[in-house]
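Remarks on the structure that follows.
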Amino acid sequence: MTAKTLPVDPFDLVIFGGTGDLALRKLLPGLLRRYADGQIPDDSRIIGVARDKQSDADYRAKVGDALSRACASDEVAKAKLPAFLEKLGYHALDATKDEGWEEFASELKAHGEDRIRVFYLSTSPSLFVNLCDRLRAHGLNRGQSRVVIEKPIGHDLASAAVINDAVGSAFAESQIFRIDHYLGKETVQNLLALRFANILFEPLWNANHIDHVQITVAETVGLEKRATYYDTSGALRDMVQNHLLQLLCMVAMEPPAALQADAVRDEKLKVLRSLRPIEAEEIGQLTVRGQYRAGAVNGAAVPGYLDELGREDSRTETFVALKAEVDNWRWAGVPFYLRTGKRLPERVSEIVISFRQIPHSIFENSAGPVMGNKLVLRLQPDEGVKLWMMIKDPGPGGLRLQQVPLDMSFAEAFGVHQPEAYERLLMDVVRGNPTLFMRRDEVEAAWKWIDPILAAWESKRESPKAYTAGSWGPSAAVALVERDGRTWHEDTV
Ligand code: NAP
């Protein structure tokens, strides 16, 4: 069974940074898969832009190589690759210089002013201002134009506002698509379906029935090629400000009146604004910063962060755990424990909703403990949803209880190919549907909550706590939840 795809109208997609890592590893493979699936009409065009001077043919060869690797196991995509490459063009431009822009603009205009135009800014955010200025100066924001911007949107509230102002001076807010690829994951949308297309969960979705929520985004990788950027960012800015807070919003928001972009984003914004500020004097109690030392991940020895970085003096955190609270009626007293880090034992992203204990047990001690239900939404590596329930251990020999997962990974059961987040989100941009993208006020509300944490850490000037690569972070992260009589979820089945 194949997934049903909604066709999109023909479009011109310009990828600024079309030779970069994101373009070659995520955007172009995603577009190839959508093309192979018949979703991209034949007269659509994809134009890579970067400074390097090369012909269309050179660019196609380069992209062809990258896509052959990225889609090695996808026979349909491989068969469609030659036809897909025909849609590709290349234009050498420097975002910071005027040369070539007039010609580029004429070429784009010649192809039709009413076509859908997507400008994907897959470059360093330091170029967003230059790019938007030139797109505006050359009159390229016409009719159905949209612009996509990637994280990081700033490194604090003030710098985010500068980027938002620059992009906002060239494009209306309704044309700006701030991408957070976590929102494009199947499981995140399944969360919307579970919550709002079933009567079962929503009556229980509150402080009366939910004990706490855990959100974990764990990576096994270290710095890869991102050392310069990462060392000025750290885990709080790189992961919590965007991905983890967006996931928290999807769990905690009130039901929107309709599945419409602003209705959903209004509700997420209310959550962000309800986050209880973490005060400087609570920083040691409510947050944990870590940095990995040498260790082993998946059986392979790996160096520590400072060795990977080639510096001795960095205090950048590669791990963060924190306890957040949403101050409203629905969530009063329910902790949201968030943790993310590099060089952890496995690559996993999941949301765990832990329900309260039953009020009274009718079972004898010999039946074993009665554990609270858990709804576990796994975003990666294998997307799926499990509901942990208590059942009777099958067989004779008295009544013993056991907790087992009810597996609700229906996509797998139906054999449906789950599109990568970027595939779905790129098609949403073409369609002009911003529901799964962040609005300016959301990004800024998230920074407003993050900035005081950064400031408190900075004023303490403490080094991050060491953890061994391949462990689940510093012991303080375990203590963060154990102090409250809870433990981090472990998938034991
Ligand atoms: P990258 O590999 O360094 O690629 C940067 C691209 O920008 C290259 O094509 C480069 O080509 C081009 N470029 C650089 N300076 C330019 C200029 N002055 N004018 C025009 N083009 C220029 O970066 P990336 O990893 O693809 O990341 C792109 C963006 O996505 C960044 O904002 C990053 O934070 C974000 N992001 C990336 C990932 C990822 O997985 N890679 C994940 C999340 C977010 P030339 O040098 O030839 O000009």
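Counting from 1, the numbers follow the sequence of the chain as shown. Counting starts at 1 for both ligands and their atoms, in listed order.
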Item to check | Lys78, NZ: over 12 other non-hydrogen atoms inside 6.0 angstrom | outcome: yes
Checklist entry - Does the side chain of Tyr182 reach to within under 4.5 Å of the side chain of Val217, using non-hydrogen atoms? => result yes
Next on the checklist: If you define the side chain from C-beta out and look only at heavy atoms, does anything of Phe336 sit under 4.5 Å from Val326?
Outcome noted: yes
Next on the checklist: Consider side chain to side chain donor-acceptor pair (under 3.5 Å). Of His243, Arg226, His155, which one does Asp238 pass it with?
Outcome noted: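 Going through the options one by one, the only one that passes is Arg226.
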Checklist entry - Is it true that Lys270 and Glu267 have a side-chain N and a carboxylate O under 4.0 angstrom from each other? => result yes
Next on the checklist: Tell me which residues fall inside the under-4.0 Å heavy-atom shell around ligand 1.
Outcome noted: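 Within 4.0 Å of ligand 1, the protein residues are Gly17, Gly18, Thr19, Gly20, Asp21, Leu22, Arg25, Ala50, Arg51, Asp52, Leu93, Asp94, Ala95, Ser122, Thr123, Pro125, Leu127, Glu150, Lys151, Pro152.
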Checklist entry - Applying salt bridge (Lys or Arg N to Asp or Glu O under 4.0 Å), which residue pairs with at least one partner in residues 287-297 are found, sequence neighbours left out? => result Arg289-Glu317
